[in-house]
Each structure stands twice: as C-alpha cells, then as structure tokens.
Amino acid sequence: MEIRKKEPAPLLVVILGPTGIGKTRTTIELAKKFNTEILSADSRQFYRELKIGTASPTPQELSEARHHFTGHISVKDYYNASIYEVQALELLEKLFHKMNPVFLTGGSGLYIDSLCNGIDDLPHVDQEVRKKLLAAYIQKGISFLREELLRFDPLHYEKVDLNNPKRILKALEVCYITGKPYSSFLTQPKKERGFSILKIGLNMDRHELYQRINQRVDRMIQEGLEAEAKSLYAFRNLNALNTVGYKELFDYFDGTISREKAIELIKRNTRHYAKRQLTWFARDKEIRWFHPSENEGIIALIRSHVE
RNA sequence: GGGGAGAUACCAAAGCGGCCAACUGGGGCAGACUGUAAAUCUGCUGGCAUAUGCCUUCGGAGGUUCGAAUCCUUCUCUCCCCA
C-alpha cells in the first residue's frame with residue numbers, strides 16, 4: 001500500500017497581548033506579508049457601535065487586510081465565548097481552504113481560549129430565570145446565592161470564588177434551568193482542533209506600555225470619543241457599554257465626575273485591564289513572547305511553522 | 001508686622017500617651033477567572049524573615065514618661081485671616 005504524505009495541518013497564528021501594545025498594526029503587517037486574513041478576538045471590537053473607544057481597526061486598516069469579527073454584532077445583541085467559538089470555527093474552516101496561515105488577534109483571553117481549546121457546552125440562558133436570580137440577589141444579598149449554590153451544587157461551591165456574584169449567578173442559572181449541578185457540565189478535556197496553533201505574545205516594559213496607553217487615550221479623546229459615548233448614552237445599562245472608555249464618560253455626562261477625572265479614570269482603568277490581560281496570558285506556557293518591534297523574529301517563527 | 005491652622009508612609013487622610021508598622025481611600029504590585037470577560041472577584045503595599053519575631057518610621061533637634069505619631073521646648077517649612 002502506498003503511504004501518502006499527510007497534508008500538513010493548517011496553522012492559526014494567534015497574536016495576543018495587552019491592550020495598546022500594537023496588535024492591530026502588527027497583525028495587519030503580517031497578514032499582508034502572508035497574504036491572508038484576520039479574525040478578531042477582542043470582545044469589545046465585536047460591537048459595531050464601539051469604534052474609537054475600543055481602538056477598532058480604522059477603515060484604512062480594514063482596507064489593508066480583511067478582518068472578521070470586528071463590528072459583526074450590536075451592543076444590543078447577546079453574545080458569549082461559546083457562540084464565538086462556533087462561529088469562529090466555522091469561518092476558519094472556510095478560510096483554510098483558501099489560505100494558510102490565518103491570523104487571530106485580540107486581547108480577550110477567554111475568547112482566545114475557547115477558540116483554541118474549546119469551551120464546554122452549556123444550556124442556553126433563560127432570560128426569565130436570569131432576571132429572577134438577579135432580583136433575588138439584589139434583594140437578599142450574596143449570602144442567598146451561596147446558600148442556593150451549596151444546595152444545588154456543593155461540588156462547585158467548594159471551587160468557586162464565593163465573593164464573586166457573577167460566578168455564582170452563572171452556576172445557579174444553569175442549575176435552575178437544568179435541574180442538574182452546574183459542575184456536571186464542566187468537562188475538562190481540551191477539544192481537538194483540525195488545525196495547529198501558534199501563539200505569539202506581544203509585550204514590552206510595563207512603564208513603556210502604560211505610557212502608550214495614556215497617550216492612546218488622549219488620542220481617542222481627540223478623535224471624538226466623547227461624541228461616540230454620547231451617542232451611546234441611551235444604552236449605558238447594557239453590558240456591552242460596561243466598557244472602559246465609555247462608562248467613565250457616562251459618569252461625566254451625569255455630572256458625577258469632571259471631564260478631566262473621566263479621562264484620568266479611562267487611563268487608569270485601561271492600565272488595570274492591561275495588567276489583568278497579562279495575568280491571564282502568563283499561565284499559558286505555549287505563548288512565545290516578543291517585543292512588537294521584533295518583526296523579523298516573528299516572521300521567521302511563523303515561517304518555520306507554516307513550512 | 002499681628003493672629004490662627006497645620007506638617008503622618010508613593011498621594012490623600014485618620015489617629016492625639018500603651019490595643020500603632022500606624023484606620024481608610026487612591027495609586028502601585030501580585031493573583032483568580034468556562035460563558036454578555038475592556039466584565040467580575042481576591043491578596044499585598046516600611047525593611048528582613050516561612051512564621052513567633054526583629055529592625056527603622058509619623059517635618060528636624062532636644063525633653064517629660066515605665067512607655068510618645070500622640071505631652072513640653074525649640075527650630076524649619078506650609079496654609080489662612082488681618083495689616
């Protein structure tokens with residue numbers, strides 16, 4: 001029998017890193033070089049109404065390389081990492097027929113992970129159940145959530161952060177809907193993907209990064225972030241607007257804080273966010289780290305993986 | 001020139017004789033995180049030590065006291081009011 005040479009698996013190159021590090025620019029250059037396209041893994045650039053404040057790729061940048069998952073949904077839509085996993089996987093399969101590698105870039109660790117490793121299947125959210133739970137929490141406090149969780153899912157109770165209402169709320173939601181413990185839906189094994197993955201992390205000296213972030217916020221203000229936020233003020237209670245760059249300006253519009261204070265807070269909160277991203281990425285040992293200026297090294301590494 | 005208020009750790013700000021290495025907030029640092037994640041949550045933050053602990057701090061210098069960030073004297077500086 002003839003042994004056929006196995007088709008090499010297509011490659012997904014993930015360009016990740018903290019906000020403001022220069023992922024967009026770097027990835028566009030790479031996409032041009034490899035004549036391919038880009039998927040975004042930035043949970044806020046998904047929203048088409050959010051442009052300036054999320055540093056979404058500009059029309060000019062979009063014309064340089066084809067992007068996916070930027071502005072594909074509205075702030076009014078419900079979305080999560082699982083939906084993203086399904087959609088991104090579907091798209092990737094199509095793209096790999098025509099090109100290789102394909103780039104993925106963004107800073108949302110959870111979304112990157114759910115595409116790379118998979119995320120467990122959970123029942124769909126029931127808005128009614130969710131509302132009731134939230135109301136109960138607001139009325140009775142977190143101790144109520146803890147008691148409920150202990151009753152419905154003692155296993156998960158042992159593991160969750162009992163100070164974090166969001167975590168408990170999510171778990172209870174699933175318990176209520178299915179009548180089964182939330183933890184029973186959590187199956188550790190990593191999902192197999194039909195492509196290989198190369199993770200490239202971009203990072204630099206912390207002070208340098210923070211300076212870039214501060215400057216970028218000033219630029220956003222110059223580019224009209226305030227007007228953008230104003231136009232979205234009506235949606236301020238939506239989760240998608242619970243976003244750095246918008247929530248602070250909403251407070252300013254309310255008269256709670258000064259304009260200067262709002263800008264200062266945007267800078268600080270962006271810095272905090274960048275740190276959280278770095279903490280998330282730090283535990284992923286597969287990431288190969290580079291300074292954004294190390295183009296040659298990055299290209300060489302990708303080449304060696306594409307063959 | 002006269003009168004008053006104050007100087008506390010990176011910043012702001014409590015403490016006003018022992019329970020103070022010093023409340024609290026901010027900032028900074030570190031961390032957790034399987035679903036609206038740019039969200040949500042946690043810890044540390046004078047130095048050394050795994051820790052009991054030890055060492056150096058509350059503008060400077062003296063003093064009172066068993067014991068001071070806290071009381072007294074004095075010096076320096078800041079702020080406010082009247083000239």
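Note that the coordinates shown come from a computational prediction; the quantities given were computed from them, not determined experimentally. Just the heavy atoms: all of them, side chains too, but no hydrogens, waters or symmetry mates, feed the values below. Throughout, protein chains are lettered first and strands after them, A, B, ... in sequence-line order, and every chain is numbered starting at 1.
- Rounded to whole angstrom, the span from the NZ atom of K275(A) across to the C1' atom of rC41(B) amounts to 14 Å.
- I112(A) places its CD1 atom 14 Å from the P atom of rU34(B), with the value rounded to the nearest Å.
- Separating the CG atom in L134(A) from the CD atom in Q139(A) is a distance of 12.0 Å, to the nearest 0.5 Å.
- Residues R283(A) and G107(A) both approach RNA chain B. Their nearest nucleotides, taken by heavy-atom distance, put R283(A) toward the 5′ side.
- Taking CD1 from I28(A) and OG1 from T105(A), the interatomic distance works out to 9.0 Å, rounded to the nearest 0.5 Å.
- Annotation: Y137(A) is not in aromatic contact with F144(A) [ring centroid separation under 6.0 Å not met].
- Looking at RNA chain B, the stems built from 3 or more consecutive Watson-Crick or G-U wobble pairs, each pair with its key distances under 3.5 Å, are B:1-7 with B:76-82, B:10-12 with B:24-26, B:27-32 with B:40-45, B:46-48 with B:53-55, B:59-63 with B:71-75.
- In terms of phosphate contacts, H272(A) brings a side-chain nitrogen or oxygen within less than 4.0 Å of OP1 or OP2 of rG28(B).
- Side-chain atoms of Q211(A) and Q215(A) include no donor-acceptor pair closer than 3.5 Å.
- Among the protein residues, D42(A) comes within range of the nucleic acid bases, having at least one heavy atom under 4.0 Å from a base atom.
- The side chain of P165(A) sits closest to rU40(B) out of rU40(B), rU34(B), rC29(B).
- Rounded to whole angstrom, the span from the NE2 atom of H156(A) across to the C1' atom of rC33(B) amounts to 10 Å.
- K170(A) has no side-chain polar atom (N or O) that falls below the 4.0 Å cut-off from OP1 or OP2 of rC33(B).
- Checking side-chain atoms of H67(A) against main-chain N and O of A65(A) turns up a donor-acceptor pair under 3.5 Å.
- Distance check on atom P: rC20(B) versus rG26(B) gives 22 Å, rounded to whole Å.
- Comparing rC29(B), rG31(B), rC41(B) by their closest approach to the side chain of T279(A) singles out rG31(B).
- Taking atom C1' in both rA12(B) and rC23(B), one finds a spacing of 14 Å when rounded to whole Å.
- Heavy atoms of S108(A) sit under 4.0 angstrom from primed sugar atoms or phosphate atoms, though from no base atom.
- Rounded to a whole angstrom, the distance from the P atom of rG3(B) to that of rG47(B) is 44 Å.
- Side-chain contact, R219(A) with N214(A): no donor N or O sits under 3.5 Å from an acceptor N or O.
- Not a single donor-acceptor pair, N or O on each side, falls under 3.5 Å between the base of rA39(B) and the side chain of R44(A).
- Regarding R271(A), its CZ atom lies at a distance of 9 Å from the P atom of rC29(B), rounded to whole Å.
- One atom, CD1 of I142(A), and another, C1' of rU42(B), lie 12 Å apart when rounded to the nearest Å.
- In this model, the phosphate group of rU40(B) is approached by a side-chain N or O of N242(A) to a distance below 4.0 Å at OP1 or OP2.
- Going from the C1' atom of rA7(B) to that of rA69(B) covers 12 Å, rounded to whole Å.
- rG1(B) and rC71(B) have their P atoms separated by 29 Å, with the value rounded to a whole Å.
- Side-chain contact annotation: N269(A) with E248(A), donor-acceptor N/O pair under 3.5 Å present.
- In this model, no donor atom of one side chain and acceptor atom of the other lie less than 3.5 Å apart for Q277(A) and T19(A).
- Contact annotation for G53(A): base contact, defined as any heavy-atom pair under 4.0 Å involving a base atom.
- At whole-Å resolution of the value, CG in L186(A) and C1' in rC33(B) are 12 Å apart.
- Within the 4.0 angstrom heavy-atom criterion, no nucleotide atom of any strand lies near F46(A).
- Residue K247(A) places at least one side-chain N or O under 4.0 Å from the OP1 or OP2 atom of rA39(B).
- Taking atom OH of residue Y210(A) and atom P of nucleotide rC10(B), one finds them 20 Å apart after rounding to whole Å.
- Classified by interplanar angle (parallel below 30°, tilted 30° to 60°, perpendicular above 60°), the ring pair Y79(A)/Y84(A) is perpendicular.
- Base engagement by R130(A) is indicated by at least one non-hydrogen atom pair under 4.0 Å involving a base atom.
- Rounded to the nearest Å, the gap between the P atom of rA21(B) and that of rG53(B) is 11 Å.
- Heavy atoms of S114(A) sit nowhere under 4.0 angstrom from any nucleic acid atom.
- The R167(A) side chain lies nearest to rA39(B) when the options are rA30(B), rA39(B), rC41(B).
- Regarding L169(A), its CG atom lies at a distance of 13 Å from the C1' atom of rC41(B), rounded to whole Å.
- Contact of D120(A) with rU34(B) (side chain to base): a donor-acceptor pair of N or O atoms is detected under 3.5 Å.
- If V244(A) and G118(A) are placed on RNA chain B by their nearest nucleotide, the residue sitting closer to the 5' end is G118(A).
- Taking the six-membered ring for Trp and the full ring otherwise, the centers of F69(A) and H72(A) sit less than 6.0 Å from each other.
- Comparing the C1' positions of rG60(B) and rC66(B) gives a spacing of 26 Å, expressed to the nearest Å.
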